[in-house]
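Below is one structure, written out as C-alpha cells; comments come after it.
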Amino acid sequence: MLIGVIAIQGDVSEHVHAIDNALAQRGENADIVEIKHSGIVPECDAIVLPGGESTTLGRLLLKEGISEEIKQAAAAGIPVMGTCAGLILLAQRGDSQVAKTHQHLLGLMNTQVNRNAFGRQRDSFETDLELPFLDSSYRAVFIRAPAIIDYGQDVEILSKIDDRVVAARQGNVLALAFHPELTDDLRVHQYFLDMVKGN
C-alpha cells in the first residue's frame, strides 16, 4: 500500500508521522510518499491534502500538474482526506473571498466553504467534537479554520460547531476543518486507514 501526502506546503511531516504511528498501532506496513510533483499520485492507494495556505496550495497543485491527478484518483475511488486548507480545496464552491481571489478548487465534494469561518490565526482554538465513528469525544485543534456552509444530500455530515460543518464525508472523500495531525490521538487517521482498507 502506498499513501501519498501532498507536500507542497503545510503540515506534511506531521501527517506522515501520524499515519506512520497509526499503521504501527494496527501492526500494518505501508509506504508513505511526500508528493511535490506530478506522476506519483496515480500510483497511490490514498491521498492526504494537509493544511496550509489554500490559495497557494491550489495554485501550486495546478502548476505542478497534481490537481488533475488528484481529481482522477478520487473519481477512481481512491480515498482522499483533506484537513483545514485541504477541506477548502476539496469543495466545489467557495465564499466571496474564494471568488475574489479566483482560488482554484478541486471540486471533489458537493460543498460550499467559508474560508475563514472561525476568524484569523489569533482566533485558533481547541474543542471536543463528537464524531460518529468514535466512541468518545475527540479533542480537535482548529487553526484559522474553514467550515462547510452548504452541502448536497450526497454529503454525510460527521460533526458541526453550531451551524458550521467541520467534518464531512462524501463517498471516498473525507474533509476535516481541524488538524488531526497535531494531536497524539490517532483515531481520525485510523478512520481514514479504515477507508483505505475498505476500498
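What you see is a predicted model; the values in this text were computed from it and never measured.
- When atom types are taken as modelled, the side chain of Arg164 and the backbone of Ala117 share a donor-acceptor pair closer than 3.5 angstrom.
- No chain of hydrophobic side-chain contacts below 4.5 Å, direct or via other Ile, Leu, Val, Met, Phe, Trp or Tyr residues, connects Met81 to Ile47.
- In terms of heavy-atom proximity, Gly52 sits nearest to Arg144 at O-NH2, 4.3 Å.
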Please determine whether side chain to side chain contact (heavy atoms under 4.5 Å, CB included) holds for the pair Leu193 and His189, giving the CA-CA distance in whole Å, both sets of side-chain angles, and the decisive distance to 0.1 Å.
CA-CA 6 Å; Leu193 289 176; His189 281 89; 5.5 Å; no
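- Summarising the geometry of Asp45 relative to Met1, their closest heavy-atom pair is OD2-CA, 3.3 Å, with the distance given to 0.1 Å.
- Side-chain heavy atoms closer than 4.5 Å link hydrophobic residues (I, L, V, M, F, W, Y) into clusters, and following such links, possibly through other members, connects Phe142 to Leu158.
- Expressed to the nearest 0.5 Å, how far CD1 of Ile149 lies from CG of Asn114 amounts to 5.0 Å.
- By the 6.0 Å contact criterion, CG on Asp154 is enclosed, its count of non-hydrogen atoms from other residues, nucleotides or ligands being greater than 12.
- Looking at heavy atoms from C-beta onward, Leu90 lies in side-chain contact with Leu49 at the 4.5 angstrom threshold.
- Smallest separation of non-hydrogen atoms from Leu129 and Ser159: CD2-OG, 3.7 Å.
- Between Val141 and Thr183 the shortest side-chain heavy-atom distance falls below 4.5 Å.
- Taking CD1 of Ile157 as the reference point, atom CD of Gln170 lies at 10.0 Å (rounded to 0.5 Å).
- Between the side chains of Gln92 and Gln112, no donor N or O sits under 3.5 Å from an acceptor N or O.
- Hydrophobic clustering (side-chain heavy atoms under 4.5 Å, transitive across Ile, Leu, Val, Met, Phe, Trp, Tyr) keeps Leu87 apart from Leu182.
- The two residues Pro146 and Ala177 come nearest to each other via the heavy atoms O-CB, 3.2 Å.
- Among all heavy-atom pairs drawn from Leu57 and Ala85, the shortest one is CD1-CB, 3.9 Å.
- Between atom OG of residue Ser54 and atom CD1 of residue Ile88 there is a gap of 3.5 Å, rounded to the nearest 0.5 Å.
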Under the criterion side chain to side chain contact (heavy atoms under 4.5 Å, CB included), I'd like the reasoning laid out for Val166 against Leu176: C-alpha separation, chi angles, the key distance, then a yes or no.
CA-CA 6 Å; Val166 295; Leu176 309 168; over 6 Å; no
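- Neither side chain, Arg93 nor Tyr151, offers a donor N or O lying under 3.5 Å from an acceptor on the other.
- Looking only at atom types and distance, the side chain of Gln103 has a donor-acceptor partner in the side chain of Arg115 under 3.5 Å away.
- Residue Ser67 is tested with Leu61, Leu89, Leu105 for a side chain to side chain contact (heavy atoms under 4.5 Å, CB included); the sole match is Leu61.
- Here the NZ-CD distance, from Lys160 to Glu130, works out to 15.0 Å after rounding to the nearest 0.5 Å.
- Formation of a donor-acceptor pair under 3.5 Å by the Asn172 side chain with backbone atoms of Ala74 is found in this model.
- The backbone N or O of Ala22 sits less than 3.5 Å from a side-chain atom of Gln190, completing a donor-acceptor pair.
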Under the side chain to side chain contact (heavy atoms under 4.5 Å, CB included) rule, what do Ile19 and Val48 come out as? Steps first, then yes or no, please.
CA-CA 10 Å; Ile19 295 167; Val48 175; 3.9 Å; yes
Criterion salt bridge (Lys or Arg N to Asp or Glu O under 4.0 Å) on Arg139 and Asp128, from CA distance to verdict:
CA-CA 4 Å; Arg139 190 71 177 172; Asp128 291 328; 3.3 Å; yes
Kindly determine whether Asp194 and Arg26 satisfy salt bridge (Lys or Arg N to Asp or Glu O under 4.0 Å), including the steps that lead there.
CA-CA 10 Å; Asp194 288 343; Arg26 304 160 76 96; 2.9 Å; yes
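- Hydrophobic clustering of Ile, Leu, Val, Met, Phe, Trp and Tyr side chains at less than 4.5 Å, counting indirect connections, keeps Phe192 apart from Leu2.
- With a 4.5 Å cut-off on side-chain heavy atoms, Thr111 and Val155 count as touching.
- To the nearest 0.5 Å, the span separating NZ on Lys63 from OG1 on Thr56 amounts to 11.5 Å.
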Evaluation steps, side chain to side chain contact (heavy atoms under 4.5 Å, CB included), between Leu134 and Leu131
CA-CA 6 Å; Leu134 300 181; Leu131 293 160; 3.8 Å; yes
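- Annotation: side chain of His15 is in contact with side chain of Thr83 (closest heavy-atom distance under 4.5 Å).
- Atom CZ of Arg187 and atom CD of Gln25 lie 10.5 Å apart (nearest 0.5 Å).
- The shortest distance between side-chain heavy atoms of Ile6 and Ile66 falls below 4.5 Å.
- The aromatic rings of Phe178 and Tyr138 lie tilted to each other, with the angle between the two planes from 30° to 60°.
- Remark: the Thr55 side chain and the His104 side chain contain no N/O donor-acceptor pair separated by less than 3.5 Å.
- Hydrophobic clustering, with ILVMFWY side chains joined whenever heavy atoms are under 4.5 angstrom apart, groups Val16 together with Leu174.
- Counting heavy atoms from C-beta on, the side chains of Asn29 and Leu23 never come closer than 4.5 Å.
- Considering only heavy atoms from C-beta on, Glu69 comes within 4.5 Å of Ser38 through its side chain.
- Counting only heavy atoms from C-beta outward, the side chains of Glu53 and Gln9 approach each other to under 4.5 Å.
- Of all the heavy atoms in Cys44 and Ile35, the pair that sits closest is SG-CD1, 3.9 Å.
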